Amino acid sequence: MPSRGDLVRDWHRGVQAVARGDWGCALRLFSGDPEPPARMCFNVGCVHLLAGDPEAALRALDQAVTKDAYMAVGFFQRGVANFQLERFQEALTDFRLALAQLRGNTAIDYTQLGLRFKLKAWEVLFNVGAAQCRLGLWAEATRSLEEALSKGPEGAGDDLHTALGQLQKQVPLQPRQVPRGEVFRPHRRHLEHLEPVDFLGKAKVVSSAIPDDEHEDSQPQQPQVRGADAEGRPGAAPRARDSGPCRTASPCGPRMPPEAETEVGSGRGVPRPRVEQVGRQVPPGLPVAGEPDSRPSEDPLGAGGAAMEEPASLVTVTAQCAFTLALRVPRGVDLAGLRGLLSQALGRQAQRAQLSYQDPSNKGRWVPLPGEEALQRAWRDAAAGTGVLQLQCRPQGAGGRAALYQVVAQHSYCARGPEDLALQRGDVVDVLCEVDQAWLEGHCGGHVGIFPKCFVVPAGQDV
């Protein structure tokens with residue numbers, strides 16, 4: 001089953017093939033969707049007409065108007081296919097159906113839907129007259145052209161007067177059709193989202209557990225333990241400042257000075273970090289609060305002089321973002337303190353991303369945290385209950401577009417066209433635009449598209 005991105009890409013390539021006159025390539029690309037929408041069927045029909053195969057065009061245009069019974073231009077082109085097959089009665093019926101879909105309007109502009117063509121009422125009436133004269137209904141054909149003359153613009157008057165003169169001489173007319181090479185095109189916005197977006201950036205390593213690392217600027221991991229007199233012991237690495245986020249791809253490892261940064265080497269990994277306790281750095285090889293230490297400690301208060309917390313008084317907070325970060329936070333920390341710790345550990349990602357938490361009372365679903373009250377409630381429940389709070393950072397919007405708010409899919413929605421966004425029950429969607437009262441445009445799982453508003457509920461409500 002091709003992905004939505006593959007279908008849009010093939011659609012765009014098919015349009016390019018039509019522009020250069022490669023009908024076989026265009027038909028192959030337009031036919032890749034096992035359940036093509038009406039516009040794709042219309043494109044296939046137009047290409048068959050250009051290739052001189054009205055029989056195949058008729059089958060494709062039948063599918064188009066079956067899928068979209070209000071597609072006036074589909075009936076218009078199907079009438080042209082019937083006319084070329086000399087099925088003039090069927091052609092007359094199709095032209096009248098196209099005129100009925102105009103609903104009394106002088107024209108329908110399909111540009112916003114991707115077809116650079118405006119279907120005008122006088123052109124449909126012209127084709128009605130062309131079919132009538134082929135059926136020998138010369139008087140009716142003359143009246144159809146006179147009605148077209150009354151509805152047509154001044155520029156079309158010369159062509160219509162010439163056609164009326166031909167009818168007086170009982171010379172048959174040739175029908176008008178969609179201009180050569182014009183087919184439905186994918187929306188420019190969909191083409192922009194085909195390019196990959198890197199939300200995470202480039203990974204970096206600031207320390208290596210391998211003494212002879214191939215990177216010249218990298219340094220081996222060193223303990224960051226200070227003596228009671230706050231002076232660094234010989235051989236100890238400089239202590240990282242507590243004001244900034246951890247700068248390593250392994251967030252809970254020891255912090256190193258900026259000059260030690262280097263790109264991640266091919267095939268080199270960073271050891272999985274230990275859980276970090278608030279207020280101090282815990283490098284590999286040093287004890288963590290709650291774990292026995294087989295060696296006598298030189299600093300009984302721990303690095304930085306902070307007293308050791310009992311495990312029962314700590315809450316484990318994990319945050320999934322560019323990497324998975326683990327913190328141990330005292331239960332008594334208030335919301336401002338928790339926010340500060342997350343901002344320190346995650347940096348700009350905590351400001352630019354939407355936080356969600358895994359709700360154990362809701363079958364472990366990820367529930368968005370739209371505001372401070374929701375985060376405070378989740379923190380209070382974790383501190384009073386299980387002692388575990390799992391958070392997740394999700395990039396807001398797509399392509400640099402800010403999300404207006406979040407919704408949760410209450411029902412699964414199957415995309416019916418390349419512009420739709422398929423949803424599964426429980427999906428969290430960033431709403432980018434309110435298309436109208438019934439449709440929304442959103443971003444979910446790396447895809448952007450429109451979906452019915454009635455299929456979702458605001459984030460935070462039970463699904």
Side-chain angles (χ1 to χ4, degrees), residues 1-68 71-85 91 94 98 107-120 123-124 126-127 155 159 174-197 399 415-420 447-449:
M1 186 73 177
S3 67
R4 180 173 177 270
D6 292 336
L7 293 177
V8 174
R9 190 175 290 106
D10 287 347
W11 186 0
H12 179 58
R13 291 172 180 169
V15 173
Q16 293 175 330
V18 172
R20 65 176 182 267
D22 191 348
W23 315 133
C25 179
L27 289 173
R28 185 174 64 256
L29 291 169
F30 286 152
S31 303
D33 191 348
E35 292 293 334
R39 283 181 287 180
M40 198 65 70
C41 296
F42 176 88
N43 286 1
V44 173
C46 289
V47 174
H48 279 304
L49 284 176
L50 293 172
D53 189 355
E55 193 71 47
L58 185 62
R59 291 193 297 269
L61 292 167
D62 279 339
Q63 292 183 352
V65 297
T66 300
K67 292 174 180 288
D68 186 356
M71 183 184 279
V73 71
F75 289 110
F76 184 75
Q77 284 294 92
R78 192 174 74 169
V80 173
N82 276 316
F83 196 98
Q84 293 184 5
L85 292 169
D94 282 335
I108 295 179
D109 190 355
Y110 286 92
T111 304
Q112 292 184 348
L113 296 178
L115 179 65
R116 297 184 294 194
F117 175 65
K118 184 182 290 187
L119 181 63
K120 303 178 182 65
E123 290 183 308
V124 181
F126 183 95
N127 283 11
D159 292 339
Q174 290 298 322
R176 305 178 69 88
Q177 58 180 306
V178 173
R180 180 183 179 87
E182 288 300 331
V183 292
F184 281 103
R185 303 165 181 267
H187 198 282
R188 183 183 304 173
R189 168 171 49 82
H190 297 152
L191 297 177
E192 292 174 353
H193 290 303
L194 291 179
E195 298 299 327
V197 179
R416 299 185 178 181
E419 71 278 5
D420 289 355
H447 299 286
V448 175

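Here the structure is a predicted model, which means the values were calculated and not measured. Side chains are part of it too, since the values below use all heavy atoms of this structure and drop only hydrogens, waters and symmetry mates.
Residues W23 and V18 meet the side-chain proximity criterion, which asks for heavy atoms closer than 4.5 Å. Contact annotation: the side chain of Q16 never approaches that of C25 to less than 4.5 Å [non-hydrogen atoms, C-beta and beyond]. Annotation: side chain of E419 is not in contact with side chain of H187 (no heavy-atom distance under 4.5 Å). A 4.5 Å side-chain heavy-atom check between L29 and W11 finds every atom pair outside the cut-off. Under the 4.5 Å side-chain criterion, counting only non-hydrogen atoms from C-beta, Q177 is not in contact with Q174. Looking at R416 and P37, their side chains never come closer than 4.5 Å, going by heavy atoms from C-beta outward.
For the atom pair L7 CG and M40 CE, the distance stands at 7.5 Å (nearest 0.5 Å). Atom SG of residue C41 and atom CE of residue M71 lie 8.5 Å apart, to the nearest 0.5 angstrom. Within the model, atoms CG of D159 and CZ of F126 stand 7.5 Å from one another, a figure rounded to the nearest 0.5 Å.
The side chain to side chain contact (heavy atoms under 4.5 Å, CB included) search around A415 returns D420, A422, not counting sequence neighbours. Legend: residues meeting ring pair (Phe, Tyr, Trp, His ring centres under 6.0 Å) with F75, ordered by chain and number and at least two apart, are absent. In this view, F83 and F88 satisfy the ring pair (Phe, Tyr, Trp, His ring centres under 6.0 Å) rule, not counting sequence neighbours.
Judged purely by atom type and a 3.5 angstrom limit, K67 has no side-chain atom pairing as donor or acceptor with the backbone of R39. For the pair N43 (side chain) and F184 (backbone), a donor-acceptor distance under 3.5 Å is present. A donor-acceptor distance shorter than 3.5 angstrom exists from the side chain of Q77 to the backbone of V178, with no hydrogens or angles considered.
Shortest non-hydrogen contact noted between R176 and V80 is O-CG2, 3.6 Å.
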Identify each donor-acceptor pair in which a side-chain atom of residues 110-120 lies under 3.5 Å from a protein atom, sequence neighbours left out, and give them as a table.
from, atom 1, to, atom 2, distance (Å)
Y110, OH, A72, N, 3.4
Y110, OH, V73, N, 3.2
T111, OG1, D109, OD1, 2.6

Output a table of donor-acceptor pairs, distance under 3.5 Å, between side-chain atoms of residues 53-66 and any protein atom two or more places apart or on a different chain; print 'none' if there are none.
from, atom 1, to, atom 2, distance (Å)
D53, OD1, A56, N, 3.3
D62, OD1, R78, NH1, 2.8
T66, OG1, D62, O, 2.6

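Applying the ring pair (Phe, Tyr, Trp, His ring centres under 6.0 Å) test to every pair with at least one member in residues 43-68, sequence neighbours left out, gives no pairs at all.
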